J.: 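Before I ask anything, here is the structure I am working with.
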Amino acid sequence: MSIPSGVNTSIILRLELDKDTASFGSVATAISDAGGDIIAIDVVRTDKNITVRDITINVYDNKHTELIAAAIRKLAGVKIVHVSDQTFLLHLGGKIEMSPKYPIKNRDDLSRVYTPGVAKVCMAIHEKPSLAHTLTIKRNTVAVISDGTAVLGLGNIGPEAAMPVMEGKAMLFKQLAGVDAFPICLATQDTDEIVNIVKALSPTFGGINLEDISAPRCFEIEQRLIEELDIPVFHDDQHGTAVVLLAGLFNAVKIVGKQLEDCKVVLCGVGAAGTACTKMLMAAGVRNIIGVDRQGAITRDGVYDNPFWQWYAEHTNPKQIQGSLSDVIEGADIFIGVSGPGVLKREDVAKMAENPIVFAMANPTPEILPEEAEPYVRVMATGRSDYPNQINNVLCFPGLFRGVLDCRASRVTENMKLAAAKAIASVVQEDELNEYYIIPSVFNQSVAERVRDAVIEAAYEDGVARRRKEKVKA
């Protein structure tokens, strides 16, 4: 039986087996034939008549779970007591919590953390507002803001449904960079209202991470907040993707022996991430970039209602090549996909220049599967964790925000993003670099540290760091 690749979760099946009529061997066979992967078996209880076991199984999705359950129900003497999804169990009650840094054990402790002692701290901040960065959680706290309009590949599913993603992001901030992040999902999709809410919340936070807000509103929201706030604002879907993409390309071109600035790049999917990736490539010196969307290549003689497509038309595609993706990809050195599943065909890759680089980053199904591209592609990357070379924003945002908080930067500049990309690429040593290892693992502890240091250095170069350099710990 063919089961889609890419295990997403695991389940626990609690089964009751009649000892006279059922065997565990028949259960294991049924699970295996249905494409399930048994990873743990636990005996819950047993007596002379029945055995109750918990079986942990890797599955692809809910349909796969139902397929396995249906196979087991056909077995004589086997009863499914219940099915528990490990992912749902992990999310019960949410994935994060707040805890105090200091215990309150007596009246003296209470008087210092609250009234009356706290009053003198309040007045100190009132007289010198910048002290909020040192005397409150502002110093180490980021707001993760979403309106639920572009959540993962799920689309406009609303703020409540976006919360599990934002909670997960907060966990990554803390574990990878020690940054306290708090998810804030807004029950509005009005651009003005979102800007005003975030501005009103900003005194509490040292940085704003915008997340899963649909284009083109995300561009305006970010730009207005950058202009109107004195703390860094960073739309991770745009810039995090762009930074990690560039990091991977820095190493990929080394393998194929090309100069990045000389490459012909075809980018499919001119949305928020695609536009940011293009700007990042241009900052790195690339000029021959052709953007393709559903209507084909974006060109200067086109008329576009979307103002960001108009910008794209005026700044890319210098030779004004027209046509579909299949037309414009001929002779391309690099393909970048931030669009949808299956849009790039094997015959398209065959048309590319010698030793082509393909970054097919649509999730969960890329523009072309590595197995299909393999005969032609030299370096392949996707957004998935079950293939080599995962382009994952997690490599960027923890270290970047650690850096901007530590040097108290007022904004994130293009130079800081470029520095972050170079830092990520540098984690892969020259003697380790190969077609299947161009980007470090998200669990590599040195990534966040290198990104943090590079971002801080660039912030001082650009004059946006507000903390004295000697006070920023190395």
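Counting from 1, the numbers follow the sequence of the chain as shown. Not measured: the values here are computed from a predicted model.
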J.: Would you please classify the geometry between the Phe401 ring and the Phe234 ring as parallel, tilted or perpendicular, with 30° and 60° separating the classes?
T.: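 Aromatic pair Phe234/Phe401 classed perpendicular.
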J.: Looking at side-chain heavy atoms only, is the closest gap between Glu367 and Pro341 below 4.5 Å?
T.: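 Heavy-atom side-chain distance check fails, nothing below 4.5 Å.
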J.: Is the number of heavy atoms from other residues, nucleotides or ligands under 6.0 Å of Glu228 CD greater than 12?
T.: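 For Glu228, atom CD is crowded (more than 12 foreign heavy atoms under 6.0 Å).
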J.: Judged by modelled atom types alone, do Thr382 and Gln390 share a side-chain donor-acceptor pair under 3.5 Å?
T.: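 Looking only at side-chain atoms, Gln390 and Thr382 do not form any donor-acceptor pair under 3.5 Å.
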J.: Is there a donor-acceptor pair under 3.5 Å between the side chain of Ser32 and the backbone N or O of Ala28?
T.: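 Side chain of Ser32 to backbone of Ala28: no pair is present.
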J.: Quick test of your reading of the model: are Asp18 and Lys79 salt-bridged, counting only N-O distances below 4.0 Å?
T.: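 No, this pair does not count.
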J.: Between the side chain of His64 and the main-chain N/O of Ala34, is any donor-acceptor distance below 3.5 Å?
T.: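 Checked: pair present.
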J.: Would you find a donor on one side and an acceptor on the other, under 3.5 Å apart, between the side chain of Asn434 and the backbone of Tyr436?
T.: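 Such a contact is found between Asn434 side chain and Tyr436 backbone.
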J.: Report, as yes or no, whether the 6.0 Å neighbourhood of atom NZ on Lys254 holds more than 12 heavy atoms from other residues, nucleotides or ligands.
T.: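 Enclosed.
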J.: Check whether the side chains of Thr275 and Tyr312 place a donor and an acceptor atom closer than 3.5 Å, and report yes or no.
T.: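 No pair is found: no donor N or O on one side chain lies under 3.5 Å from an acceptor on the other.
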J.: Distance-only, no hydrogens or angles: does the Asn58 side chain make a donor-acceptor pair with backbone N or O of Asp37 under 3.5 Å?
T.: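 No, because the side chain of Asn58 does not come within donor-acceptor range (under 3.5 Å) of the backbone of Asp37.
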J.: With Asn156, which residues qualify under side chain to side chain donor-acceptor pair (under 3.5 Å), at least two apart?
T.: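 Only Gln189 meet the side chain to side chain donor-acceptor pair (under 3.5 Å) criterion with Asn156.
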J.: Rounded to the nearest 0.5 Å, what separates atom CD1 in Ile31 from atom OG in Ser26?
T.: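 Going from CD1 on Ile31 over to OG on Ser26, the span is 9.5 Å.
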J.: Does Lys351 come within less than 4.0 Å of Glu347, counting only side-chain N to carboxylate O?
T.: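 A salt bridge is absent here (no side-chain N lies under 4.0 Å from a carboxylate O).
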J.: Could you tell me whether the side chain of Lys345 and the main chain of Gly342 form a donor-acceptor pair under 3.5 Å?
T.: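 Pair found, side chain donor or acceptor close to backbone of Gly342.
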J.: If you look at every heavy atom in Leu281 and Leu249, which pair is closest and at what distance?
T.: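 For Leu281 and Leu249, the tightest heavy-atom pair comes out as CD2-CD1, 3.6 Å.
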J.: Sequence neighbours excluded, which residues qualify as side chain to side chain donor-acceptor pair (under 3.5 Å) partners of Lys19?
T.: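 For Lys19, the residues satisfying side chain to side chain donor-acceptor pair (under 3.5 Å) (neighbours in sequence not counted) are Thr46.
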J.: What residues, two or more places apart in sequence or in another chain, satisfy salt bridge (Lys or Arg N to Asp or Glu O under 4.0 Å) together with Arg14?
T.: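 So Arg14 forms a salt bridge (Lys or Arg N to Asp or Glu O under 4.0 Å) with Asp54.
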J.: What is the distance from atom CG of Asp348 to atom OG of Ser326, rounded to the nearest 0.5 Å?
T.: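 These two atoms lie 4.0 Å from each other.
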J.: When you measure from the side chain of Trp309 to the backbone of Ile298, do you find a donor-acceptor pair of N or O atoms at a distance under 3.5 Å?
T.: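 Absent.
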J.: In sequence, state the C-alpha distance, the side-chain angles, and the governing distance for Ile231 and Ser202, and then conclude on side-chain contact (heavy atoms from CB on, under 4.5 Å).
T.: CA-CA 8 Å; Ile231 56 175; Ser202 64; 4.1 Å; yes
J.: State, yes or no, whether a side-chain contact exists between Arg378 and Val358 at a heavy-atom distance under 4.5 Å.
T.: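 They are not in contact (no side-chain heavy atoms under 4.5 Å apart), so the answer is no.
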J.: Not counting sequence neighbours, which residues clear side chain to side chain donor-acceptor pair (under 3.5 Å) with Asn444? List them please.
T.: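 Side chain to side chain donor-acceptor pair (under 3.5 Å) check on Asn444 returns Ser446.
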J.: Check whether any side-chain heavy atom of Val349 lies under 4.5 Å from a side-chain heavy atom of Leu344, and answer yes or no.
T.: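 Yes. Closest side-chain heavy atoms under 4.5 Å.
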J.: Under the 3.5 angstrom rule, does the side chain of Arg217 hit a backbone N or O of Thr191 as a donor-acceptor pair?
T.: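 No, the answer is negative, given that no donor and acceptor are paired below the 3.5 Å cut-off.
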J.: Closer than 3.5 angstrom, by distance alone: can the side chain of Glu16 be matched with the main-chain N or O of Thr51 as a donor-acceptor pair?
T.: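 Absent.
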J.: Return the CZ to CD1 distance between Phe173 and Ile96, rounded to the nearest 0.5 Å.
T.: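 Between atom CZ of Phe173 and atom CD1 of Ile96 there are 11.5 Å.
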J.: If you count heavy atoms of other groups shown closer than 6.0 angstrom to CZ of Arg411, is the number above 12?
T.: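 No, because the 6.0 Å sphere around CZ of Arg411 holds 12 heavy atoms or fewer from other groups.
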J.: If I take atom CG from residue Leu433 and atom CD from residue Gln429, how far apart are they, to the nearest 0.5 angstrom?
T.: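 Output value for this atom pair is 10.0 Å.
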J.: Between Val118 and Val113, is there a side-chain heavy-atom distance shorter than 4.5 Å?
T.: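 Not touching, per the 4.5 Å side-chain cut-off.
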J.: Are the side chains of Leu13 and Ile72 in contact, using a 4.5 Å heavy-atom criterion?
T.: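 Yes, side chains in contact.
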J.: Between Tyr387 and Glu371, does any side-chain donor sit less than 3.5 Å from a side-chain acceptor?
T.: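 Judged by distance alone, the side chains do pair up.
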J.: Taking atom CG of Asn363 and atom CD1 of Ile391, what is their separation to the nearest 0.5 Å?
T.: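 Going from the CG atom of Asn363 to the CD1 atom of Ile391 covers 11.0 Å.
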J.: Checking Asp47 side chain against Ile50 main chain: does a donor-acceptor pair fall under 3.5 Å?
T.: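 Such a contact is found between Asp47 side chain and Ile50 backbone.
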J.: Pair Thr9, Asp85 - check side-chain hydrogen bond (donor to acceptor under 3.5 Å, both in side chains), show working.
T.: CA-CA 8 Å; Thr9 188; Asp85 186 309; 3.3 Å; yes
J.: Is it the case that more than 12 heavy atoms not belonging to Gln175 sit under 6.0 Å from its CD atom?
T.: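 Counting other residues, nucleotides and ligands, CD of Gln175 stays at 12 neighbours or fewer.
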J.: Might you confirm whether atom CZ of Phe219 has over 12 heavy atoms from other residues, nucleotides or ligands at distances under 6.0 Å?
T.: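 Enclosed.
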J.: Atom CG of Leu201 and atom CD1 of Ile208: how far apart are they, to the nearest 0.5 Å?
T.: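 Answer for the CG-CD1 pair, Leu201 versus Ile208, is 7.5 Å.
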J.: List the steps, then state whether side-chain contact (heavy atoms from CB on, under 4.5 Å) holds for Ile11 with Thr56.
T.: CA-CA 6 Å; Ile11 59 170; Thr56 306; over 6 Å; no
J.: Can you check whether Ile255's main-chain N or O pairs, donor with acceptor, with Glu435's side chain at less than 3.5 Å?
T.: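 Answer holds: no.
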J.: In sequence, state the C-alpha distance, the side-chain angles, and the governing distance for Arg53 and Phe24, and then conclude on side-chain contact (heavy atoms from CB on, under 4.5 Å).
T.: CA-CA 9 Å; Arg53 300 190 186 204; Phe24 182 74; 3.6 Å; yes
J.: Does Asp386 pair with Arg384 as a salt bridge, N-O distance under 4.0 Å?
T.: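 Looking at Arg384 together with Asp386, the answer is yes, because their closest N to O distance falls below 4.0 Å.
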J.: What is the minimum heavy-atom distance between Ile184 and Ala143, and which atoms define it?
T.: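 Taking Ile184 first and Ala143 second, the nearest heavy atoms are CD1-CB, 4.1 Å.
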J.: Do Val266 and Leu325 have side-chain heavy atoms sitting under 4.5 Å apart?
T.: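 They are in contact (side-chain heavy atoms under 4.5 Å apart), so the answer is yes.
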J.: Applying side-chain hydrogen bond (donor to acceptor under 3.5 Å, both in side chains) as the test, list every pair that has at least one member in residues 163-173; sequence neighbours left out.
T.: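 side-chain hydrogen bond (donor to acceptor under 3.5 Å, both in side chains) check on residues 163-173 returns Lys169-Glu211, Lys169-Asp236.
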J.: Just by distance, no angles: are the side chains of Ser146 and Asp212 close enough, under 3.5 Å, to form a donor-acceptor pair?
T.: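 There is no such pair between these side chains.
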J.: We want to know whether His133 and Lys138 form a side-chain donor-acceptor pair, criterion being a heavy-atom distance below 3.5 angstrom.
T.: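 No - no donor-acceptor pair under 3.5 Å links their side chains.
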J.: Could you tell me if the ring centre of Phe335 sits under 6.0 Å from that of Phe359?
T.: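 Judged by ring-centre distance (under 6.0 Å), Phe335 and Phe359 do not meet the cut-off.
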J.: Step by step, would you call Leu267 with Cys277 a side-chain contact (heavy atoms from CB on, under 4.5 Å)?
T.: CA-CA 9 Å; Leu267 182 143; Cys277 289; 4.0 Å; yes
J.: Locate the shortest heavy-atom distance separating Leu75 from Ala30; write the atom from each residue and the value.
T.: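 Nearest heavy atoms, Leu75 then Ala30: CD1-CB, 4.0 Å.
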J.: Using the test side chain to side chain donor-acceptor pair (under 3.5 Å), find all partners of Arg402 that sit at least two apart in sequence or belong to another chain.
T.: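 With sequence neighbours excluded, Arg402 shows a side chain to side chain donor-acceptor pair (under 3.5 Å) to Asn140, Asp406, given in chain and number order.
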J.: Under the side-chain contact (heavy atoms from CB on, under 4.5 Å) test against Val394, which residue among Val244, Val442, Val447 passes?
T.: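 Of Val244, Val442, Val447, side-chain contact (heavy atoms from CB on, under 4.5 Å) with Val394 is met by Val442 alone.
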